[in-house]
Amino acid sequence: MTVQTQTATATIALGEVLGVHLKPGDVILLNGDLGAGKTTFTKGIAQGLGIRQPIKSPTFTLIREYQRGRYPLYHMDMYRLESGGSADLGLEEYFNGDGIVVVEWSQYIQSELPATYLTIDLKKDAQNDAFRQINFTPIGSHYEKLVQQVLAAYHHE
Ligand SMILES: Nc1ncnc2c1ncn2[C@@H]1O[C@H](COP(=O)(O)OP(=O)(O)OP(=O)(O)O)[C@@H](O)[C@H]1O
Ligand SMILES: [Mg+2]
C-alpha cells in the first residue's frame, strides 16, 4: 500500500502515526535514494515514540540511540559501512533487544536482518521536487497488522 506526501512535514506526520503504533522488538527498514526522506521519516517515528531530542542522521556514527521515549529507538544508517564491518556493530543485540530498530541502507546488512520486518520504500516524484511515494511492504503477520493499524489511523487524521 502506498501513500503520497507533498511536504517533509507530511512525511514526518506519517512517520509519527507509525511511531505511535510501534512495539519493542519492531524492525523498520527504510529504503530509497539519497535525499528520499528516510531520516525525515525517522523524525516522525521518534515523535510518535515521545522522543524530544533532535534526530540527527547517523551517516557517520552508523548507529544512534535514543533512550528517552516510550521505548528505546536505535536508528541505523549503513551507507558508510565498510565491507565486512558489520561484525563489530553487535547488530543481533539490537534486533533481539527491547527497542525499536530503524535501518537506512539495510541492503548492506542483508544477511543479518531478522526473518520479519516492515520495509518502507520512499521514492521522489519525477514531476515535483517535494512529492514522495511512500510504500509499505510488511513481511510477516505482525507487520501486516501493524500496517493496517497505521493506515486506519492515518486516514482518520
Ligand atoms: N515530501 C517530502 N518528504 C520527505 N522529505 C522531503 C519532502 N519534500 C522535501 N523533502 C526534503 O528532502 C530531504 C530528505 O532528506 P533526508 O535526510 O530525510 O533523506 P534520506 O533518505 O535520509 O537521505 P540519505 O540516504 O542521504 O540518508 C530533506 O531536506 C527534506 O526536507
Ligand atoms: Mg538519512
Side-chain angles (χ1 to χ4, degrees), residues 1-22 26-69 71-86 88-91 94-95 97 99-114 117-139 143 146-147 149-157:
M1 81 93 215
T2 303
V3 173
Q4 188 193 58
T5 65
Q6 307 196 346
T7 62
T9 307
T11 296
I12 291 173
L14 177 60
E16 181 171 3
V17 175
L18 174 60
V20 164
H21 289 86
L22 290 174
D26 283 351
V27 175
I28 310 297
L29 309 183
L30 298 179
N31 292 343
D33 294 341
L34 292 167
K38 301 179 293 296
T39 299
T40 302
F41 189 88
T42 305
K43 289 180 184 176
I45 291 178
Q47 276 184 22
L49 287 167
I51 293 166
R52 286 155 180 251
Q53 297 134 275
I55 299 298
K56 292 187 193 145
S57 177
T59 306
F60 293 97
T61 53
L62 302 186
I63 304 175
R64 283 183 191 271
E65 306 191 13
Y66 301 89
Q67 299 286 355
R68 291 169 154 181
Y71 310 115
L73 171 64
Y74 305 118
H75 181 201
M76 307 181 179
D77 182 336
M78 294 298 137
Y79 190 70
R80 287 177 189 276
L81 183 69
E82 311 272 318
S83 68
S86 64
D88 303 334
L89 295 175
L91 292 175
Y94 290 101
F95 289 128
I100 314 291
V101 184
V102 174
V103 193
E104 300 184 34
W105 297 100
S106 65
Q107 53 268 53
Y108 296 125
I109 53 164
Q110 197 75 49
S111 62
E112 289 169 81
L113 297 174
Y117 42 75
L118 170 59
T119 297
I120 302 174
D121 291 284
L122 296 100
K123 217 190 261 165
K124 285 191 193 174
D125 188 283
Q127 258 71 53
N128 192 313
D129 245 19
F131 287 15
R132 300 290 187 277
Q133 300 289 341
I134 303 178
N135 184 57
F136 292 70
T137 309
I139 306 294
Y143 293 102
L146 174 63
V147 170
Q149 289 171 349
V150 168
L151 288 185
Y154 184 66
H155 291 305
H156 279 102
E157 273 193 349

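Both backbone and side-chain heavy atoms feed into the values below; hydrogens, waters and symmetry mates do not. Whatever order the structure lists them in is the order used to number ligands and atoms, beginning at 1. Keep in mind that this is a model prediction, so the values were computed, not measured.
Assignment of Asp33 to the shell around ligand 1 is supported, since a heavy atom sits closer than 4.0 Å. Not a single heavy atom of Thr59 sits closer than 4.0 Å to an atom of ligand 1. Residue contact annotation: Ala36 has a non-hydrogen atom under 4.0 Å from ligand 1. Using a non-hydrogen distance threshold of 4.0 Å, Trp105 registers as a contact of ligand 1. Within the 4.0 Å heavy-atom cutoff, Gly35 counts among the residues contacting ligand 1.
Close approach of ligand 1 to Asp77 is summarised as follows: ligand atoms under 4.0 Å from at least one heavy atom of the residue are 27 (O). Residue contact check: Thr7 has heavy atoms under 4.0 Å from atoms 1 (N), 2 (C), 3 (N), 7 (C) of ligand 1. Near Ala130, meaning under 4.0 Å from any of its heavy atoms, are these atoms of ligand 1: 1 (N), 2 (C), 7 (C), 8 (N).
Between Tyr79 and Trp105, the ring planes are tilted. Angles from 30° to 60° get that label.
Atom-to-atom distance recorded for Leu29:CG and Glu104:CD is 11.0 Å, nearest 0.5 angstrom. To the nearest 0.5 Å, the span separating NZ on Lys38 from CD1 on Ile120 amounts to 12.5 Å.
No side-chain heavy atom of Leu22 sits less than 4.5 Å from a side-chain heavy atom of Tyr71. Counting heavy atoms from C-beta on, the side chains of Thr40 and Arg132 never come closer than 4.5 Å. Taking 4.5 Å as the limit, every side-chain heavy atom of Leu113 sits out of range of all side-chain heavy atoms of Leu91.
Of all heavy-atom pairs spanning Tyr143 and Asp26, the tightest one is OH-CA, 3.4 Å.
Close N/O approach between Glu104 and ligand 1 is found [any backbone or side-chain N/O within under 3.5 Å]. Residue Phe131 places no N or O, backbone or side chain, under 3.5 Å from any N or O of ligand 1. Note: no N/O pair closer than 3.5 Å links Gln6 and ligand 1 by distance alone.
Atom CG of Asp129 has 12 or fewer neighbouring heavy atoms from other residues, nucleotides or ligands inside a 6.0 Å radius.
Computed with the Mg ion (ligand 2) at the centre, the Glu104 OE1 to Thr39 OG1 angle is 100°, stated to 10 degrees.
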